[in-house]
Amino acid sequence: MNIVLVIPPFTQVNTTYPSVTQLSGFLSSAGFNSLSVDLSLNVFLRIFSGIGLSEIYKEIKHIKTEDDELNIIINSFYRYIEVIDLVIEFLQGKNNALSTLLSKPGFIPIVKNYPGEEIDFNSFGNIGIIDRAKFYSSLMINDIYYVINNCLTKDFGLSRYAEKIAISPKSFDLIYNKLKNLPNIIEKIIIDETEKIINKYNPNLFCFSIPFPGNLYSALLSSKFIKEKYSDIKIAFGGGYVNTELRKLNDVRFFEFVDYLTFDDGELPLLNIINNQINNRKKEFVRTLIKESGKLIYYDNAEIKNISYKNLSKPNYSGIEVDKYVSILEMLNPMSRLWTDGYWNKLTIAHGCYWKKCTFCDITLDYIKTYSPTDTKRFVKIIKDITKETGKRTFHFTDEAAPPSKLKELAIELIKEKANICWWGNIRFDNAFSKDLCKLLALSGCIAVSGGIEIAEPRLLKLIEKGVTLEQAVKVTKNFRDANILVHAYLMYGFPSQTAQETINSLEYVRQFMKFGLINSAYWHRFSLTAHSPITQNPEKYGVKILSSLNNSFANNDLEFTDLTGIDHSIFTEGLNKALYNYMYNNGLDINVKNWFEFDIPKANVKPNFVENLLKLHKPELTIEENKTIIWNASIPKITDLGKGKVLLSITNLDTEGNWTVDKKTANFINQIANESALLINGKTIIFKDIVNNSKNTCNNFWGSNVWRELRENFLLVV
């Protein structure tokens with residue numbers, strides 16, 4: 001039996017969305033012929049090719065508009081056709097030598113810029129030609145997107161398709177009727193690329209993983225084609241969109257395009273679907289909706305319904321063409337570019353969220369509420385296997401919030417196993433991220449973290465039950481900053497009962513965080529009320545009146561609501577975004593936050609030196625709990641005899657050198673500590689209480705000495 005798992009258009013073009021490879025790995029380990037296909041990437045590469053743009057030009061060449069920039073692009077489209085294959089080859093990283101040619105002014109056609117972007121081409125300096133060429137090439141891609149979006153279909157986006165009609169529509173009517181239309185040129189390409197998958201792999205089961213609203217319509221478009229031309233192929237839908245939006249689906253028309261709709265983790269639902277097909281058993285399912293006798297029936301009657309995350313198989317990259325992914329450089333901010341620039345193997349350290357209390361979050365759904373961490377040794381082995389399979393040492397850990405304890409284990413194991421990877425991931429700004437833990441993560445290859453500060457305002461942080469205070473966020477982001485780890489913050493505005501004063505105060509706190517380099521990039525999210533959040537379960541507590549039905553026949557997730565305070569939060573959107581954009585480029589950090597708005601707003605009543613004062617309070621962490629792990633972060637000590645029982649003890653790391661005159665007994669004890677905890681040299685660590693026990697008969701006065709204090713501060717990590 002042939003099983004194909006597909007990501008429909010459009011998602012990121014620089015990396016594989018991980019759901020399909022994870023599911024394929026599980027099915028392959030169960031003995032099935034399973035592989036993944038990135039239909040989203042295939043369609044993108046078909047559009048952005050000489051052949052694809054030539055097809056598009058036939059559709060647009062006679063169009064005249066009142067948009068001067070659009071007319072210039074259309075009239076110059078021959079040039080886009082001429083260089084597109086060269087540009088894509090470069091963006092795929094296949095020939096960096098092309099950067100000199102592509103960065104020449106005027107070689108790449110560029111008419112429009114990214115919305116709101118003021119290009120400072122001096123950012124690249126004299127030697128940054130690869131980044132310059134990548135940015136020019138990305139601007140050219142944006143020009144082509146602009147033409148398609150304005151001349152052919154408003155549905156088209158570089159990372160989404162027909163997103164608006166799929167965001168919590170109450171009824172399936174609009175989508176259903178749209179599917180009856182003749183396909184436009186982009187949709188024809190989607191259908192053509194779908195048929196190529198069928199012809200190449202001859203699947204019996206065609207599975208669409210639909211992570212976002214912008215993937216639904218293209219999945220339905222493909223499945224409609226399959227049902228019409230290859231009716232013997234069974235089709236399954238699952239993924240994040242299905243899990244959050246379609247849990248109450250009761251419109252039978254949806255099953256004209258699909259045979260199975262699965263919910264939550266997809267491994268066992270798919271396994272049971274496959275076994276049912278092979279053995280002609282029809283009604284042993286896990287979390288699966290099917291159509292029977294004209295009615296929709298939900299089955300969850302298999303004996304085993306879940307598997308431990310610790311036992312998940314290694315992702316299977318069969319069918320994924322890693323060398324074809326395309327890096328896009330949309331922003332010059334070093335943190336923001338990580339989302340679109342470069343290929344990242346995506347994995348999750350733990351299923352669910354270890355905090356799972358935030359009141360705006362889907363904590364009633366399995367992907368949040370069921371917390372299950374991986375086995376660290378097994379996880380690192382999977383990392384090393386993926387590195388070999390994909391040829392990429394870059395990883396993005398896409399947890400809801402990676403737990404600090406597991407990250408500590410992971411970092412130690414990565415160093416011990418000499419995995420030599422570059423990684424970043426999602427976290428909470430948890431107090432457990434001490435200065436030393438952040439240094440350890442950096443040593444293991446961590447370059448960046450992203451986490452939610454959400455509403456940078458004390459009252460609202462308590463109300464959303466974030467479990468993070470502003471003081472705590474300052475401390476933790478400082479620790480990451482000092483370890484040279486970039487920080488991205490998710491920010492929120494428009495929370496129910498949030499006042500104008502609190503919105504402005506929040507911006508002022510963010511300004512201070514960014515002024516002192518505690519946050520490198522951030523993004524404002526307008527609060528969205530979802531059906532699965534605690535706020536929806538108790539709207540009166542949060543001053544919310546829900547206007548939407550919770551029992552729509554199609555999608556039920558994003559809810560319309562009224563903030564009973566009556567404030568219009570949308571008026572702050574432009575000013576917040578303008579301020580944040582400038583802050584990310586170190587502009588306007590000393591400007592009064594009122595200046596970002598074109599209407600009167602309250603004056604921020606936050607202490608202007610709030611963050612600065614907290615930074616001054618931070619002291620070295622010298623106390624050690626007995627069960628903490630000790631890691632020697634320096635060279636093995638060099639001991640030089642000075643005579644009369646004294647020695648010179650010399651220790652160095654990359655940026656610090658220490659020399660002490662001590663007695664031989666103390667020097668030998670320090671040398672013993674180094675050799676028993678030199679993780680980076682010999683893979684060893686030691687527990688602090690074991691060191692203390694070893695010192696009882698040798699160095700009774702050692703722990704209060706200046707030597708110990710200086711060692712602790714400069715050459716030891718305590719985690």
Side-chain angles (χ1 to χ4, degrees), residues 6-11 19 40 149 153-184 186-187 190-191 208-225 227 235-264 288-291 295-296 298 360-362 364-365 367 494 525-533 535-536 539 544-562 570:
V6 173
I7 290 292
F10 288 103
T11 54
S19 57
S40 177
N149 189 260
T153 172
K154 286 290 185 183
D155 291 330
F156 180 70
L158 292 178
S159 59
R160 59 189 62 85
Y161 192 81
E163 180 182 57
K164 289 184 178 179
I165 64 170
I167 298 176
S168 294
K170 300 174 183 177
S171 166
F172 188 46
D173 289 350
L174 183 60
I175 297 174
Y176 186 74
N177 291 330
K178 185 177 175 65
L179 286 164
K180 295 177 181 178
N181 297 337
L182 290 175
N184 59 46
I186 302 301
E187 293 166 355
I190 293 172
I191 291 168
F208 289 94
S209 181
I210 305 169
F212 309 114
N215 303 102
L216 176 67
Y217 186 78
S218 56
L220 287 167
L221 196 70
S222 292
S223 61
K224 176 177 182 284
F225 166 76
K227 285 295 182 186
I235 298 174
F237 277 15
Y241 180 84
V242 174
N243 298 337
T244 55
E245 298 269 3
L246 303 184
R247 301 188 81 88
K248 293 184 178 180
L249 174 74
N250 62 17
D251 192 323
V252 294
R253 294 176 298 173
F254 194 78
F255 279 76
E256 294 176 22
F257 312 98
V258 63
D259 298 289
Y260 309 100
L261 199 63
T262 71
F263 298 94
D264 302 325
T288 302
L289 187 68
I290 65 173
K291 179 182 174 183
K295 296 181 180 180
L296 301 188
Y298 177 77
F360 58 85
C361 193
D362 293 338
T364 60
L365 294 184
Y367 81 97
H525 297 261
R526 174 82 180 271
F527 169 76
S528 175
L529 179 62
T530 67
H532 315 290
S533 69
I535 297 175
T536 300
V544 168
K545 182 179 180 181
I546 298 175
L547 305 177
S548 301
S549 168
L550 295 173
N551 293 291
N552 298 317
S553 62
F554 188 58
N556 290 274
N557 190 39
D558 287 359
L559 304 177
E560 296 179 19
F561 70 96
T562 296
S570 66

Side chains of K227 and I235: closer than 4.5 Å at any heavy-atom pair?
yes
Would you say N149's side chain and K154's backbone share a donor-acceptor pair under 3.5 angstrom?
yes
Taking the six-membered ring of Y217 as reference, does the cationic atom of K178 (NZ for Lys, CZ for Arg) lie under 6.0 Å from its centre and within 45° of its axis?
yes
Once side chain to side chain donor-acceptor pair (under 3.5 Å) is applied, do any residues pair with S533, and if so which ones, sequence neighbours excluded?
T536
Would D259 and I290 count as a side chain to side chain contact (heavy atoms under 4.5 Å, CB included) if you check the C-alpha gap in whole Å, the side-chain angles of each, and the deciding distance to 0.1 Å?
CA-CA 6 Å; D259 298 289; I290 65 173; over 6 Å; no
Check: D264 main-chain N/O paired with N243 side-chain donor or acceptor under 3.5 Å:
yes
Heavy atoms, side chains only, cut-off 4.5 Å: are N557 and H532 in contact?
yes
Determine whether E245 and S168 satisfy the following criterion, side chain to side chain contact (heavy atoms under 4.5 Å, CB included), listing intermediate values before the conclusion.
CA-CA 6 Å; E245 298 269 3; S168 294; 2.8 Å; yes
For a side chain to side chain contact (heavy atoms under 4.5 Å, CB included) check, start with the C-alpha distance between D155 and K164, then their side-chain angles and the critical distance, and finish with the verdict.
CA-CA 8 Å; D155 291 330; K164 289 184 178 179; over 6 Å; no
Could you check whether any side-chain heavy atom of L550 comes within less than 4.5 Å of a side-chain heavy atom of L559, counting everything from C-beta outward?
yes
For residues L529 and D558, determine if any side-chain heavy atom of one lies less than 4.5 Å from a side-chain heavy atom of the other.
no
List in chain and number order the residues that pass ring pair (Phe, Tyr, Trp, His ring centres under 6.0 Å) with Y367, two or more places apart in sequence or in another chain; answer none if no residue qualifies.
none
Close side-chain approach of Y161 and L221, heavy atoms under 4.5 Å:
no
Main chain of E187, side chain of N184: is a donor-acceptor contact present, judged purely on distance under 3.5 Å?
yes
Is a donor from one side chain sitting under 3.5 angstrom from an acceptor on the other, for T530 and D362?
yes
Is it true that F554 and F254 have ring centroids separated by less than 6.0 Å?
yes
Find out whether F263 and V242 are in side-chain contact, i.e. whether some heavy atom of one side chain is under 4.5 Å from a heavy atom of the other.
yes
Among F237, F257, Y241, Y260, exactly one meets ring-ring contact (aromatic ring centres under 6.0 Å, His included) together with F208. Which residue is that?
F237
Set of side-chain contact (heavy atoms from CB on, under 4.5 Å) partners for F212, sequence neighbours left out:
Y17, N215
Is the closest side-chain heavy-atom distance between P213 and R160 below 4.5 Å?
no
Please list, chain by chain and in numerical order, all residues satisfying side chain to side chain donor-acceptor pair (under 3.5 Å) with S171, sequence neighbours excluded.
D173
Scanning both residues in full, the closest heavy-atom pair of K291 with L296 reads CB-CD2, 3.9 Å
Looking at F172, does the NZ or CZ of R253 lie under 6.0 angstrom from its six-membered ring centre and within 45 degrees of the ring axis?
no
Taking atom types as modelled, find out whether N552 and K248 have a side-chain donor-acceptor pair closer than 3.5 angstrom.
no
Steps toward side chain to side chain contact (heavy atoms under 4.5 Å, CB included) verdict (F255, L289):
CA-CA 10 Å; F255 279 76; L289 187 68; 4.0 Å; yes
Under the side chain to side chain donor-acceptor pair (under 3.5 Å) test, which residues partner S159, sequence neighbours left out?
none
Which residues satisfy the side-chain contact (heavy atoms from CB on, under 4.5 Å) test with S218, sequence neighbours excluded?
P8, P9, I190
Taking side chain as C-beta onward, heavy atoms only, is P169 less than 4.5 Å from L174?
no
